[in-house]
There are 2 protein chains.
Amino acid sequence: MTKLPACILNSDVLTACEGCLARDRSNEHLIAGLTCAKRNMESGQHLFVGSDEQLHVYLIRSGAVCLYKMLRGGRRQIVAFKFAGDFIIPAANGPHRFSAQAMTAVELRVFPLALFRAAASGDARFMARLHEIAVAELCKAYDLISILGHHDAEASVAAFLLDVDGRAALHVGGAGAVILPMLRTDIADYLGLTHETVSRVLTSFKRKGLIDVGRGRTVRIKERATLAALVGKAESAVSSGAR
Amino acid sequence: MTKLPACILNSDVLTACEGCLARDRSNEHLIAGLTCAKRNMESGQHLFVGSDEQLHVYLIRSGAVCLYKMLRGGRRQIVAFKFAGDFIIPAANGPHRFSAQAMTAVELRVFPLALFRAAASGDARFMARLHEIAVAELCKAYDLISILGHHDAEASVAAFLLDVDGRAALHVGGAGAVILPMLRTDIADYLGLTHETVSRVLTSFKRKGLIDVGRGRTVRIKERATLAALVGKAESAVSSGAR
DNA sequence: CGCTGAATTGACAATTCTCAATAGACGTGG
DNA sequence: CCACGTCTATTGAGAATTGTCAATTCAGCG
């Protein structure tokens with residue numbers, strides 16, 4: 001079994017890959033046959049679009065990226081936000097299912113997909129890691145489904161704020177404030193709302209004293225419990241009884 | 001490498017597992033250490049609920065099952081329908097994230113989760129199959145996200161009809177009609193609508209001549225292209241331009 | 001300092017939800 | 001075989017939320 005970098009083997013890679021690739025300066029080999037290149041992109045640039053062939057695995061070192069799909073009527077559905085430490089791994093063969101756009105300046109590590117897969121197919125541990133990552137994405141997807149199914153703007157935005165707040169990569173010093181790297185439009189396209197509605201809800205939260213909205217897209221959560229109540233911690237997978 | 005049953009190795013298992021387990025009568029060993037039991041359940045019964053420990057992998061031989069989660073306000077979000085040939089595989093450790101309820105009489109094959117995982121962890125091919133299944137579920141989840149993001153009842157119902165129509169397991173003889181094994185309420189809880197809205201949309205489709213709604217929850221699609229247009233085959237992952 | 005894109009706020013329209021009543025299907029039992 | 005009861009589906013009317021369109025304020029940047 002080949003030697004795998006910690007960033008691939010560790011269970012918590014999705015949120016923290018510091019220390020592992022931090023050591024790789026100038027494209028040194030991480031494991032036999034699996035190298036990564038550095039790439040930097042500016043805000044607004046696309047890593048790839050839906051029609052592109054899938055050729056790479058991306059690891060985000062810093063910044064924020066969104067994965068989206070264009071829907072009928074010009075509507076855009078963002079299916080995931082990716083932050084520092086997150087992987088973007090093509091799921092199947094063929095063209096990309098999504099487009100990936102940098103929402104801020106982004107620092108990337110890029111692995112050739114073919115090599116990545118070759119390394120995985122020969123190694124059950126690596127394969128298991130990939131599976132683990134896919135499962136984590138699946139859980140995220142189900143969370144988003146729950147949010148979209150709510151049909152409740154306040155609950156959606158509250159869930160979004162709590163989710164983002166849980167990502168260490170986005171915190172700024174001191175008062176526990178979070179930088180929202182995305183536009184109101186991006187939040188709206190993620191939650192299935194309009195940017196006006198997102199704005200209204202945030203203003204409403206601010207007025208109720210649940211959050212502080214500061215300069216530079218900074219948000220600080222003041223009443224976490226109240227937000228959680230809005231989301232409905234009553235959310236439960238338990239049956240409410242046979243039908 | 002152990003000998004694996006075709007139902008696990010084949011790529012198209014999610015929709016068709018006939019012929020593989022058809023041969024296993026009375027719990028014979030399928031591969032070393034991996035046996036399955038038969039179980040039958042009636043409509044309305046739960047395979048498991050969200051608080052249960054995850055102990056089994058299920059393969060549906062016949063019938064229909066839904067996976068759901070209860071949301072705040074008593075709202076129920078169905079995250080997936082499972083039909084004949086589909087697996088229900090616990091993703092992570094801990095309790096179930098969802099409840100699973102039989103929507104019709106169901107014939108099941110039940111594998112002990114521990115044995116299933118043991119077989120997988122030692123076998124890169126098996127692991128790869130599991131990954132493949134998870135990825136397929138992920139794609140389904142993203143499809144549902146796209147539907148829920150639409151915020152358009154007609155598009156949602158049209159997408160649902162076309163999706164269900166694509167599942168061979170649900171077709172009845174002759175005129176290409178499909179049996180919808182689920183209630184209007186189930187469809188609504190899947191699409192983030194109310195059963196009244198689902199009913200209204202179906203009636204509207206019927207009046208427009210897009211579908212026939214027959215006896216016994218039978219639906220026949222007459223104007224596939226029109227329904228597809230409603231969904232918006234314009235759906236695309238291609239960027240509409242840099243921002 | 002002014003320009004440009006983003007965010008906020010307002011007024012109104014549209015869709016869906018809620019509540020309610022009716023009609024239909026299915027199974028049971030007389 | 002029909003009547004009844006129950007569950008499901010349909011239909012209707014009104015309420016509520018969000019979307020749409022438009023105008024204004026704000027922030028960042030040259």
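Only a predicted model underlies this, so the values are computations on that prediction, with no experimental measurement involved. Every chain is numbered from 1, with letters handed out A, B, ... down the list of sequences.
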For DNA chain D, the expected dot-bracket line (Watson-Crick or G-U under 3.5 Å, [ ] crossing, | inter-strand) is ||||||||||||||||||||||||||||||
Legend entry - Phosphate-side-chain proximity, B:Thr203 and D:dA9, N/O vs OP1/OP2 below 4.0 Å: no
From CG of B:Leu183 across to P of C:dA25 the rounded distance in Å is 16 Å
Closest non-hydrogen atoms of A:Ala84 and A:Ser62, given as atom of the first, atom of the second and distance, are CB-CA, 4.0 Å
Handout entry: Trace of the salt bridge (Lys or Arg N to Asp or Glu O under 4.0 Å) decision for A:Asp86 with A:Arg167
Key = CA-CA 11 Å; A:Asp86 291 344; A:Arg167 307 243 200 167; 3.0 Å; yes
Result for side chain to side chain donor-acceptor pair (under 3.5 Å) between A:Asp186 and one of A:His195, A:Arg76, A:Gln101 points to A:Arg76
Value for OG1 (B:Thr194) from CZ (B:Arg75), rounded to nearest 0.5 Å, stands at 8.5 Å
Note: B:Lys69 and A:Ser146 closest approach over all heavy atoms is CD-OG, 3.7 Å
In whole angstroms, the gap separating C1' of D:dA9 from CZ of B:Arg207 amounts to 14 Å
Contacts of B:Asn40 meeting side-chain hydrogen bond (donor to acceptor under 3.5 Å, both in side chains) (sequence neighbours excluded), chain-then-number -> none
Once base and sugar-phosphate atoms are separated, protein heavy atoms under 4.0 Å mark nucleotides 16-30 of chain D, 5' to 3', with B, S and - as --SSBB-----S---
When rounded to whole Å, the CZ to P distance for the pair B:Arg184 and C:dT16 reads 17 Å
Taken to the nearest whole Å, CG/A:Asp186 to P/C:dG5 is 16 Å
Taking the side chain from A:Gln54 and the backbone from A:Ala92, do they hold a donor-acceptor pair closer than 3.5 Å?
yes
Between CZ of A:Arg217 and P of C:dG5 the distance, given in whole Å, is 14 Å
Are there any protein N/O atoms within less than 3.5 Å of an N/O atom in nucleotides 3-5 of chain D, and if so, which ones and at what distance?
none

> Are B:Asp143 and A:Arg97 close enough for a salt bridge, meaning some N to O gap below 4.0 Å?
Replying inline: no
Whole-Å distance, B:Phe205 CZ to D:dT10 C1', equals 16 Å
Salt bridge (Lys or Arg N to Asp or Glu O under 4.0 Å) pairs touching residues 44-54 of chain A, sequence neighbours excluded, are none
Residues 218-227 of chain A vs salt bridge (Lys or Arg N to Asp or Glu O under 4.0 Å), sequence neighbours excluded, gives A:Asp165-A:Arg224, A:Asp212-A:Arg220, A:Asp212-A:Lys222
Separation of C:dC17 atom P from B:Leu191 atom CG, nearest Å, is 10 Å
To the nearest angstrom, the CD1-C1' distance between A:Ile211 and C:dT8 comes to 14 Å
Practice task
Measure from the side-chain N and O atoms of A:Glu107 to the backbone N and O of A:Arg39, and report whether any donor-acceptor pair falls under 3.5 Å.
Solution key: no
Looking across every strand, which nucleic acid part, if any, lies under 4.0 Å from B:Ser199 by heavy atom: base, sugar-phosphate, or nothing? base
